[in-house]
Enquirer: 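Right, I'll just put the structure down here and ask away after.
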Number of protein chains: 2
Amino acid sequence: MSQSDTVKRILDAAEVLFAQKGFAETSLRAITSKAGVNLAAVNYHFGSKEALVQAVFERYLTPFCQALSVKLKELESSGDVTLEKLLTMVSRLALGSHGDEPRRAMIFFRLSGQAYSQPQNHLRTWLRAHYGEVFRQVLAVLRASVPDVPPMELFWRVHFSLGAVIFTLSGMESLQTISKKDFNETVTASRITEHLLPFVAGGIRGGRA
Amino acid sequence: MSQSDTVKRILDAAEVLFAQKGFAETSLRAITSKAGVNLAAVNYHFGSKEALVQAVFERYLTPFCQALSVKLKELESSGDVTLEKLLTMVSRLALGSHGDEPRRAMIFFRLSGQAYSQPQNHLRTWLRAHYGEVFRQVLAVLRASVPDVPPMELFWRVHFSLGAVIFTLSGMESLQTISKKDFNETVTASRITEHLLPFVAGGIRGGRA
DNA sequence: TCGGCGGGTAAACAAACGTTTTAAACTTAC
DNA sequence: GTAAGTTTAAAACGTTTGTTTACCCGCCGA
């Protein structure tokens, strides 16, 4: 078994388990046994459990943010930037940039939800330090797309929207049950997004479509 | 030291630490040492750590839900139920029903955020079993207040709104830093609510105020 | 006065955790 | 072919965890 293979298998197992049970509740032994590698391999390749967590996010976010940055510049240079264009672009990227769509996207959202609701902010500060730049780029384009909304209002509405998105998508499975029972509708990430986009757009604009 | 005193001190310490560091990351030793009681007292009075977590929520939610149920009936019998009336009623209750306003409300929101983002759903199913009834009451009144919104749309929008509320309010402290720096505005729960209510109302109505 | 009983405590428990150490197996280069 | 370096394997390390045990104290009814 080559080196890169072991690293990849650890990351694959880790991201699934972290999304399923949380960071603190997932032991290295569970990860390595699911990955079919030795326990010591994690500390050998990553140094520590916390570094493994970061590596999981890194493998996810780095390509995503690069693609986002490119698409963002495309959109900006295209001339007319509307709120809807920006939102659909971001959501398409989040849902479809990874090959096997729904499974992977779901894991990504659950990880994000975990990262943000975790009280100790080691991970959040690390994320901000590494990926804050792209976030600011998106925010700048967003601001230009709704020039009527005052900056502070926009600041708040963005956070409300983020909450709606992450919270809903990371809790998708439990919603699955209710939705199936009450409305006989199967829930997928893209299905949710259809409902979510108008909600966010309306919220950002401030109740006036 | 009387019995109720020990139980109360454990609950007080536990709710603060749980909100600060999360359930899994808070040890019984940390709780008991903060509370100034013996380690074994937790298992003696509550049976297990999980039962303690439930007890913390129970002490919070039971009076809140009772008050909510009363106010809800008041509102219903008053005749004209508007969305805004319902939302301000709920938010006032959540913010002000506990004596020492901001500290306690913040802890409550952080605990809710933790409960909902926790992957294993022991806690969530327990909460639903115990307090789902009041939630359904609110939902019924809400539905009556916006008769134009189809049930399934409303279902989704409620969850989006819940996400916005819980996510934002449970991450208040980190927002504090940013808001202070960029806008020189101190963040309180009630201040957030001023921004949050129009956002939620707009979102529920579906972009049309 | 005695006996039991609920509340409280110190000490110990087994289990699980992240991490480190040891050595064996493999790859690579000369 | 052998030595150096890299990766895997198994075992043990020292902590920390939630929980349990055994004992002590003060009280109340008999």
Side-chain angles (χ1 to χ4, degrees), chain A residues 1-59 111 114-115 118-123 126, chain B residues 1-59 111 114-115 118-126:
Chain A
M1 191 186 304
S2 73
Q3 177 229 344
S4 62
D5 207 51
T6 296
V7 169
K8 184 183 180 306
R9 293 174 61 156
I10 291 176
L11 286 173
D12 286 341
E15 79 178 12
V16 171
L17 290 178
F18 283 154
Q20 257 173 18
K21 316 187 59 171
F23 302 121
E25 292 83 359
T26 302
S27 68
L28 292 184
R29 284 168 175 83
I31 294 172
T32 52
S33 96
K34 182 183 174 71
V37 303
N38 189 267
L39 169 62
V42 171
N43 281 279
Y44 176 78
H45 285 291
F46 299 96
S48 70
K49 185 184 181 180
E50 198 180 358
L52 171 63
V53 174
Q54 291 180 359
V56 167
F57 275 90
E58 209 163 358
R59 187 174 66 150
L111 287 177
Q114 302 251 359
Q118 218 183 8
Q120 31 225 47
N121 43 13
H122 302 143
L123 187 53
W126 181 85
Chain B
M1 191 186 302
S2 73
Q3 177 228 345
S4 62
D5 207 52
T6 297
V7 170
K8 184 182 181 306
R9 292 173 63 153
I10 291 176
L11 287 173
D12 286 341
E15 80 177 10
V16 171
L17 290 178
F18 282 154
Q20 257 172 17
K21 317 187 60 172
F23 303 122
E25 292 83 359
T26 302
S27 67
L28 292 185
R29 284 167 176 81
I31 295 172
T32 51
S33 94
K34 182 183 174 72
V37 302
N38 188 269
L39 169 63
V42 170
N43 281 279
Y44 178 77
H45 285 289
F46 298 96
S48 71
K49 185 184 182 180
E50 199 181 356
L52 171 62
V53 174
Q54 292 180 358
V56 167
F57 275 91
E58 207 163 0
R59 187 175 65 151
L111 287 178
Q114 302 251 359
Q118 218 183 7
Q120 30 224 50
N121 43 12
H122 301 144
L123 187 53
R124 259 185 305 205
T125 50
W126 182 85

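First the proteins, then the strands, lettered A, B, ... as listed; each starts at 1.
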Enquirer: Consider side-chain contact (heavy atoms from CB on, under 4.5 Å). Of A:Thr32, A:Val7, A:Asp5, which one does A:Val37 pass it with?
Expert: A:Thr32
Enquirer: Could you please name the option among D:dG18, C:dT19, D:dT6 that lies closest to any side-chain atom of B:Arg29?
Expert: D:dG18
Enquirer: Please state how far atom CG in A:Asn38 lies from atom C1' in C:dT22, giving the value in whole angstrom units.
Expert: 13 Å
Enquirer: Are OP1 or OP2 of C:dC17 and a side-chain N or O of A:Ser27 less than 4.0 angstrom apart?
Expert: yes
Enquirer: Tell me the interatomic distance from B:Leu52, atom CG, to D:dT19, atom C1', rounded to whole angstroms.
Expert: 14 Å
Enquirer: Please tell me which of the listed nucleotides, C:dA11, D:dT17, D:dA11, lies nearest to the side chain of A:Leu39?
Expert: D:dA11
Enquirer: Whole Å only: how far is the CD1 atom of B:Ile31 from the C1' atom of D:dT19?
Expert: 14 Å
Enquirer: Rounded to the nearest angstrom, tell me the gap between atom CG in A:Asn43 and atom P in C:dT22.
Expert: 16 Å
Enquirer: Which whole-number value in Å describes the distance from B:Arg9 CZ to C:dG8 C1'?
Expert: 13 Å
Enquirer: What integer distance in Å separates B:Lys49:NZ from D:dT20:P?
Expert: 15 Å
Enquirer: What does B:Ala40 touch in the nucleic acid at a heavy-atom separation under 4.0 angstrom: a base, only the sugar-phosphate, or nothing?
Expert: base
Enquirer: Starting at CD of B:Glu15, measure out to CD1 of B:Ile31 and round the result to the nearest 0.5 Å.
Expert: 11.0 Å
Enquirer: From C-beta outward on B:Leu28, which listed nucleotide comes closest to its side chain: D:dT21, D:dT19, D:dT17?
Expert: D:dT19
Enquirer: Would you indicate which nucleotide in D:dT7, D:dA9, D:dT19 comes nearest to any side-chain atom of A:Tyr44?
Expert: D:dT7
Enquirer: Donor-acceptor pair, A:Lys49 side chain versus A:Phe23 backbone, under 3.5 Å?
Expert: yes
Enquirer: To the nearest angstrom, how far is B:Leu17 atom CG from D:dG18 atom P?
Expert: 12 Å
Enquirer: Quick check for you: to the nearest 0.5 Å, what is the distance between B:Glu58 atom CD and B:Leu52 atom CG?
Expert: 11.5 Å
Enquirer: OP1 or OP2 of D:dT7 less than 4.0 angstrom from a side-chain nitrogen or oxygen of A:Thr6, does that happen here?
Expert: no
Enquirer: Need one value for B:Thr26: base, sugar-phosphate or nothing, where a base atom within 4.0 Å counts as base even if backbone is also close, heavy atoms only.
Expert: sugar-phosphate
Enquirer: In whole Å, I'd like the distance from the NE2 atom of A:His45 to the P atom of D:dT7.
Expert: 7 Å
Enquirer: Measuring from atom OG of A:Ser27 to atom CG of A:Leu39, what distance do you get when rounded to the nearest 0.5 angstrom?
Expert: 8.5 Å
